[in-house]
Participant: 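If you scroll down you'll find the structure; I have some questions about it.
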Amino acid sequence: MVKLDVNGRPEEVAAEEDMPLLWVLRDKLGLTGTKYGCGIAQCGACTVHVDGQARRSCVLPVGDVHGKKVLTIEGLAQKPEGGTVSSPVRLHAVQQAWLDENVPQCGYCQAGQIMSTVALLAANPAPTDDDIDAALSANLCRCGTYPRIRRAVHRAAAALKGEAP
Amino acid sequence: MRPVLWLAPVAFAACTPATAQPDRTAEGKQAFATVHAVFLHPRCRNCHPAGDAPLQYADGRPHAQNITRRSEKNGLPCATCHRDKNGTRPNQPPGAPHWHLPPSDVRMVFEGRTPRQLCEQLKDPTKTGGRDLARLITHVQEDPLVSWGWSPGPGRDPVPIPRPQLVDAMKTWVASGAPCPD
C-alpha cells in the first residue's frame, strides 16, 4: 500500500511500488488529465509536481513518491477561500492565460505544458523568451502551438505580478 | 694536508642527499594516461561538457530537448527526468544520486581536454571547486554519481577501466609528484 497526497487529498493506493505514478493517477485514482505520451520522459505530456518540483510521472515509480505531495492539472485550480463544495473553482493564472491566448489545438500535451510553466514561473517569475525555451523545449507539441505557449507564459507572468497583460 | 683530508668526505656528503628519491616522473605520467582515458570516456565526459549543454551517447551529441544549465534555473532541474537510480526499462533516463552538471562557476570541463590540459586543470584548486588532489581521489573513489560510470544501466557501455585501477592510477600520479604529460 502506497500513501501519498494527491491535490491535497490523502490517498492510499494498492499498487506495486514500481508502477509508474502516471498509471496510479490515471488508472487507480481516475485523474486522467495527465497524459501518456512516450513513456520514457522524452515528451513531457505526463508532467506533474512532486513536492513542488516538476517530474515526469511516466518514469517515476509510485514507490518513490511515498509520503509526498503530488499536484496534477486537476489540482491546479483552487476554490476561493470560504467557498462551498459547489463554489466554482478559480483557475490558476497559467490556466487563464492559456484560455486567453487560445493556446491548445488538439490539447493532448497541454496539461504537461501548463504544469511545466507553473514550475518555470515559480523558479523565474519574469522569464525571457530564451528562458522559456530552456524550460519548455522538453515539452513537445505536435500541433506546433509554441508561439502561443510563449505568449501565454508572458501573459501569466504578468498576471502573477499583478500587471495588466 | 691533514685538514684537507678531513674535510673531503664532508664536502662529498653535502653534495649527495641522504634522502634522495628515484625519479618517478615517467611513472606518474604513465599513470595519468589512465586518468585521462577514464575522464574522457563518454560516461564521464558527457556530464563535463565544454559548453552549457550536457552530452549524450557515445558520440557526445548535445542533450536532446535543448537541455542546458539554463534549464535548471527555469524550473527544469535534471531530477525532473533523472531519478536517483537508473530506469529499469530500455531507453528510460539514466539516474544516480544528485544527478547534475558541474556548476557554471566551476565547470570542470573534460570534453576536448588534452592530457596536459586536464592534468593542469586538476591541479588548480580554483578549477576544482577548492578540491586538492587528495579530495579529488576521494571524490573519484566514493562519490555515488561517479559510481554510475561503472553501472550505467541498460543500453550504455560502462567505463572499461575498473574503478580500483583508476584510483590506483590517481594515487600513483599524486605520489610521483603529479607530473603533467608533455
Side-chain angles (χ1 to χ4, degrees), chain A residues 16-21 37-65 94 112-141 146 153 156-157, chain B residues 43 46-47 49-105 107 144-145 148 151-156:
Chain A
E16 296 293 329
E17 294 220 336
D18 66 348
M19 176 181 280
L21 174 62
C38 65
I40 52 173
Q42 292 288 305
C43 76
C46 66
T47 304
V48 299
H49 294 188
V50 176
D51 285 350
Q53 183 187 310
R55 300 294 299 267
R56 305 299 193 234
S57 62
C58 71
V59 293
L60 187 61
V62 71
D64 279 18
V65 297
V94 174
Q113 303 279 4
I114 288 170
M115 297 307 289
S116 290
T117 298
V118 172
L120 159 63
L121 294 177
N124 181 358
T128 63
D129 285 349
D130 285 344
D131 293 333
I132 294 170
D133 290 350
L136 297 182
S137 291
N139 285 81
L140 305 184
C141 174
Y146 302 113
V153 174
Chain B
R43 295 291 83 76
N46 283 356
C47 285
D52 277 324
L55 309 175
Q56 290 183 297
Y57 301 100
D59 59 4
R61 70 193 76 168
H63 195 297
Q65 305 149 322
N66 192 35
I67 299 298
T68 65
R69 286 188 173 89
R70 193 173 195 150
S71 305
E72 182 141 34
K73 295 173 183 168
N74 287 283
L76 185 65
C78 302
T80 302
C81 303
H82 296 273
R83 299 168 52 224
D84 60 2
K85 56 177 77 75
N86 289 317
T88 54
R89 300 179 180 92
N91 303 313
Q92 287 189 335
H98 65 94
W99 191 273
H100 69 288
L101 287 175
S104 56
D105 58 343
R107 305 171 74 88
L145 181 51
W148 176 86
S151 53
R156 299 174 202 91

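Labels below follow one simple rule: chain letters A, B, ... track the order of the sequence lines, proteins then strands, and each chain is numbered from 1. Keep in mind the model is a prediction, meaning the values are calculated, not measured. Keep in mind that the numbers below use all heavy atoms, side chains included, and drop hydrogens, waters and symmetry copies.
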Participant: For chain A, which of B:Pro90, B:Pro93, B:Gly95, B:Ala64 has the most heavy-atom pairs under 4.5 Å?
Facilitator: B:Pro93
Participant: Between A:Asp64 and chain B, with a heavy-atom cut-off of 4.5 Å, which part of the residue counts as in contact: side chain, backbone, both or neither?
Facilitator: side chain
Participant: Considering only residues two or more places apart or on different chains, which pairs with a residue in residues 73-103 of chain B satisfy ring-ring contact (aromatic ring centres under 6.0 Å, His included)?
Facilitator: B:His82-B:Trp99, B:His98-B:His100, B:Trp99-B:Trp148
Participant: Excluding sequence neighbours, so at least two apart, what forms side-chain hydrogen bond (donor to acceptor under 3.5 Å, both in side chains) with B:Asp52?
Facilitator: B:Arg69, B:Arg107
Participant: Any idea which heavy atoms bring A:Ala134 and B:Ser71 closest together, and the distance?
Facilitator: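 A:Ala134 and B:Ser71 have their closest heavy atoms at O-OG, 3.0 Å.
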Participant: Check whether A:Ala138 gets within reach of chain B through its side chain, its backbone, both or neither, counting any heavy atom under 4.5 Å.
Facilitator: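 Both backbone and side chain.
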Participant: Measure the shortest side-chain to side-chain distance between B:Arg70 and A:Asn124 over non-hydrogen atoms and say whether it is less than 4.5 angstrom.
Facilitator: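 The answer is no, as the side chains (C-beta and beyond) never meet within the 4.5 Å cut-off.
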Participant: Looking at A:Ser137 and B:Asn66, would you say the former's side chain and the latter's main chain have a donor-acceptor pair under 3.5 Å?
Facilitator: no
Participant: Counting heavy-atom pairs under 4.5 Å with chain B, which one of A:Val118, A:Asp131, A:Leu60 comes out on top?
Facilitator: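 Counting heavy-atom pairs under 4.5 Å, the top option is A:Asp131.
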Participant: Locate the shortest heavy-atom distance separating B:Arg83 from A:Val59; write the atom from each residue and the value.
Facilitator: CD-O, 3.2 Å
Participant: Out of A:Gly39, A:Pro61, A:Gly44, A:Cys58, return the one with the most heavy atom pairs under 4.5 angstrom to chain B.
Facilitator: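 Heavy-atom pairs under 4.5 Å are most numerous for A:Pro61.
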Participant: Taking every heavy-atom pair that is under 4.5 Å apart, which of A:Ala135, A:Ser116, A:Cys38, A:Cys43 has the most such pairs with chain B?
Facilitator: A:Ala135
Participant: What option among A:Ile132, A:Asp130, A:Val50, A:Thr47 has the most heavy-atom pairs under 4.5 Å with chain B?
Facilitator: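 Among A:Ile132, A:Asp130, A:Val50, A:Thr47, the one with the most close pairs to chain B is A:Asp130.
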Participant: Side chain from CB out, backbone as N, CA, C, O: work out which of these in A:Ser57 comes under 4.5 Å of a heavy atom of chain B, or both, or neither.
Facilitator: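 Nothing of A:Ser57, per the 4.5 Å heavy-atom cut-off to chain B.
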Participant: Can you list every pair that meets ring-ring contact (aromatic ring centres under 6.0 Å, His included) and has a residue in residues 51-71 of chain B, with sequence neighbours left out?
Facilitator: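 Passing the test, one end in residues 51-71 of chain B: no pairs.
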Participant: At under 4.5 Å between heavy atoms, what parts of residues 73-81 of chain B are in contact with chain A? List them by residue number.
Facilitator: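 When heavy atoms of chain A are the reference, residues 73-81 of chain B contributes B:Lys73, B:Asn74, B:Gly75, B:Leu76, B:Pro77, B:Ala79, B:Thr80, B:Cys81 within the under-4.5 Å range.
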